[in-house]
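Read the structure below first, then the notes.
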Amino acid sequence: MKTLRRITQIVFFLFFLYLFLAASYPLSSKIPVDLFLRLDPLLALSSIISSRTFINTFIWAFLLLLATIPLGRFFCGWVCPLGTSLDVLSYLAKNKIGKSVEKLRPFKYYILFFLLIGALFSAQLIWFLDPVAIITRSLTLSIFPMVTLLFTAIFSALFGLTFLQDFLLRIQTTLSSTFLPETLTFFRFSGSVLLIFVVILGLEFVSRRFWCRNLCPLGALYALFSRYQILKRRVSPDCTRCGECQKICKMDAIPDDFRLTRDQECILCWDCVKDCPEAVTSIDFKSRKYEKVPLPIFDLSRRGFLASVTLGLLSVGVLRGAFADKDLKGKLIRPPGARPEPEFLDRCIRCHECVRVCSTSGRFLQPAFLEGGLEALWTPIGVARYGYCEYNCTMCTDVCPTDAIHKLDEETKKKTVIGIAFIDRDRCIPWYKNENCIVCEEQCPVPDKAIELREEKVIHWDGTERIVKRPYVIENLCIGCGICETKCPVEGKSAIIITPQNEQRWID
Amino acid sequence: MRKKETKDLITRRDFIKKTAYTTLGLSLGGAYFDLIPALGQEGDGFPDLAVATDGSPAEITKKAIDLLGGMKKFVSKGDIVVVKPNIGWDRSPEQAADTNPEVVAEVVRLCLEAGAKKVKLFDRPCNTASRCYSRSGIKEAASEAGADVSYVVDSGFVKTELPEAVELKTWWLYRPALDADVLINVPIAKHHGLTRLTLGMKNLMGIMGGNRGQIHWNIDQKLGDLANYVRPDLTILDAVRILVRNGPQGGNLKDVKRIDTIIAGQNIATVDAYGATLFGLKPSDLESVKIANRLGLGEIDLDKIRMKKISLS
């Protein structure tokens, strides 16, 4: 069973990676690429509570939660991609099991309460510490771009060898048509995202599964539901009390009376069964008489519980007050199909699936940093100097697990206004220099052109008369896709910029 | 680099070499000048320009090339050929923003039939490459016809000096295009807000790297400089569907006119000069064409162009 568990973990991890890679143009995967996120009951609960609507995509997550009632925390031991990463890391680094600090263990429950209370008062914070969101986000924003950077570096080095060029081009073309972005993708402040992931990996050196034992709110939720689990570790009376099982338990779920188990900590990894020298340990559904009275289930203190609830309440104030920036209108350009801002923030779990697919298309979406205050940290925004919203593309609306970005068909999307372009006449070549340019007009994807060129007779600074084609934005045609800003050949700040004025948000 | 076997033809590289000789010859009193064969020689029996109309895209493409003397005239056995269509936009063939895929595929087939060792095909698009290559239908059609279709990669661009250039003295150009034995330029004829039309010369921008937007400042001279340096061996102008308004990417079918025409010629200026007439313009209405003519890139006087027209209907 231990081998089976390992294989299952690897299979799920590879499946997770496959879905990650499949979240790219042309998005042809039959399986929803956000499957792992959709199956996460913590994300489901939190975004449903904070948005106060039932989000249909999450229906399977509740089945997973129900399965936990008889089966316990099998997800943590067998499925969770973050858990698998930690196991693999420890396997490679030969980490010691490490003892738990008893006081830390209930922390995960406090974190869970804190997050859910926050969600109840509409301060969605779950994204910060949900394991599936963390790993998807780190992969998208930080790890994968580093891999592509490495790939590009090797590619460029080899490209100098003429005889290899055709071969390299063939590989590059195949990869770019499947899952690689065509050019290097950079995400602003992506290191800040990686930091959480690195800390979690680092804690693995303190003790095995430190994150899962003490901090993971999803693990805590599963633990709460595994109160009456049937599939359990059981030890027969023939136990010689050698204590081997306690030494190898990576969750530290075995107390000093080795025959007992902290069931809500057990992730059913089967290590203790496999490695029991006397073969007296099993994990099964059969209840046996010789069981002793179970241990107290939750080592929670009233004080800790109250503190986490209070903090949850405070978080609302902190997010919405102390670190807020209410000047959202001026700065944030949201993807097409995004819901009105408060509702968007209630739903967005910062998984960056939308950013991931966009990086293989128009490369428009980037994580926000503090432009919208702490509340909007890492939410997807369009940054037109990096890329633009591809006219025929609807991929970001296809992959959002919480429906923060509502699915749009191609025709609706083409008409959805996300902003409007403004020409900076002090920087625009035809306006300040009286020379032709027209790149913005050429690039404008609206069939009737939202940028019009008008031939104007102007008097140049030296007194000569000239005819120059000057661009004008046609307000009722412009959809704010931003390609004009991306392609504007003026170096530095673009001479045409988009702002969220006129934006249309999705309302049910 | 391989030597050309055919003697009666001028390759791009030979031309560059011979231009140097010409300059030398002229400075020596012009005695050498007569030894230099001129472009589009008189008397080989073939026209400067072939126009085929009213057939399927593949048929008229083949016919136009046949009128010029067949693909064997341009492609020799064992050649590495680069076919450079316009794959600039994420648009379907009906929208006439990218070269017709059937035309492209036919050109690829003819090259391979003529004995080409390899046909490479690429363009640096304005929209996302994978989207443009797919939606234009070119990736599928050209791969099926046997071309090596690839995306343009940053590492392929080399900073190149254009010695004769007036405006565009150095720029990043795509090495696989420069290294080819034969370069075949396959543009589509479209409206354009700045150059009025985009034809053969503007299509060459697809092998340029860097901040291409800046090419638009004094674009006509820069296009002339580029064409003068790159000198495609053959230009095949796709006018199966032409975009008459809101170019170069269009999007509205009402801006598209179907005229089922292919124009082929060895000299880029000549092809573009005729291309202007499809839109009711005179060759001299296009500044870039006049500049190309002055640079010796082909005759643009419609009365002087030796032209053969054929209708397949």
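Proteins get letters first, then strands, A, B, ... in listed order; numbering begins at 1 in each.
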Atom pair CG (B/L194) and SG (A/C437), whose distance is rounded to the nearest 0.5 Å: 8.0 Å

For [X], does the [atom1] atom sit with more than 12 other heavy atoms under 6.0 Å from it, leaving out its own atoms?
| X | atom1 | value |
| --- | --- | --- |
| B/E94 | CD | yes |
| B/K169 | NZ | yes |
| A/L161 | CG | yes |
| A/K469 | NZ | yes |

Per-residue contact mode, [X] against chain B (heavy atom under 4.5 angstrom):
| X | value |
| --- | --- |
| A/I483 | side chain |
| A/P430 | neither |
| A/L169 | both |

Just to be sure I understand the criterion: a residue of residues 211-223 of chain B counts if one of its heavy atoms is under 4.5 Å from a heavy atom of chain A. Which ones qualify?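 Under the 4.5 Å heavy-atom cut-off, B/N211, B/G213, B/Q214, B/H216, B/W217 qualify.
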
For a quick test of reading the model, state the closest non-hydrogen atom pair linking [X] to [Y] and the distance between them.
| X | Y | value |
| --- | --- | --- |
| B/V149 | A/T173 | O-CG2, 3.6 Å |
| A/F159 | B/S155 | CD2-O, 3.6 Å |
| B/R175 | A/G160 | NH2-O, 4.1 Å |
| B/G247 | A/K449 | O-CE, 3.5 Å |
| B/S130 | A/T360 | OG-O, 4.3 Å |

Check whether [X] gets within reach of chain A through its side chain, its backbone, both or neither, counting any heavy atom under 4.5 Å.
| X | value |
| --- | --- |
| B/V152 | neither |
| B/D148 | side chain |
| B/D90 | both |
| B/R245 | neither |

Given the options A/E491, A/E441, A/Q443, A/K487, which has more heavy-atom pairs under 4.5 Å with chain B than any of the others?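 Of the options given, most contacts go to A/Q443.
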
Largest heavy-atom contact set with chain B, pairs under 4.5 Å, which of A/T174, A/I429, A/L453: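 Among the listed options, the one with the most contacts to chain B is A/I429.
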
Only pairs under 3.5 Å count here: list side-chain donor-acceptor contacts from residues 113-121 of chain B, not counting sequence neighbours, and write none if there are none.
| unit_1 | atom_1 | unit_2 | atom_2 | d |
| --- | --- | --- | --- | --- |
| B/K118 | NZ | A/D166 | OD2 | 2.7 |
| B/K120 | NZ | A/D166 | OD1 | 3.0 |

Tell me whether B/S150 contacts the main-chain N or O of A/R170 through its side chain, where contact means a donor paired with an acceptor under 3.5 Å. no

Before giving the answer on side chain to side chain contact (heavy atoms under 4.5 Å, CB included), spell out for B/Y151 and A/L175 the whole-Å C-alpha distance, their side-chain angles and the decisive distance to 0.1 Å. CA-CA 10 Å; B/Y151 298 133; A/L175 293 182; over 6 Å; no

Exercise: do A/S177 and B/K139 side chains pair donor with acceptor under 3.5 Å: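 Side chains of A/S177 and B/K139: pair found under 3.5 Å.
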
Report, one line per pair, each donor and acceptor closer than 3.5 Å where one atom sits in a side chain of residues 413-422 of chain A; sequence neighbours left out.
| unit_1 | atom_1 | unit_2 | atom_2 | d |
| --- | --- | --- | --- | --- |
| A/K413 | NZ | A/E390 | O | 2.6 |
| A/K413 | NZ | A/Y391 | O | 3.2 |
| A/K413 | NZ | A/C393 | O | 3.4 |
| A/K414 | NZ | A/N392 | OD1 | 3.3 |
| A/K414 | NZ | A/E410 | OE2 | 3.2 |
| A/T416 | OG1 | A/T412 | O | 2.7 |

Apply side chain to side chain donor-acceptor pair (under 3.5 Å) to A/K493 and list each qualifying residue two or more places apart in sequence or on a separate chain. A/D424

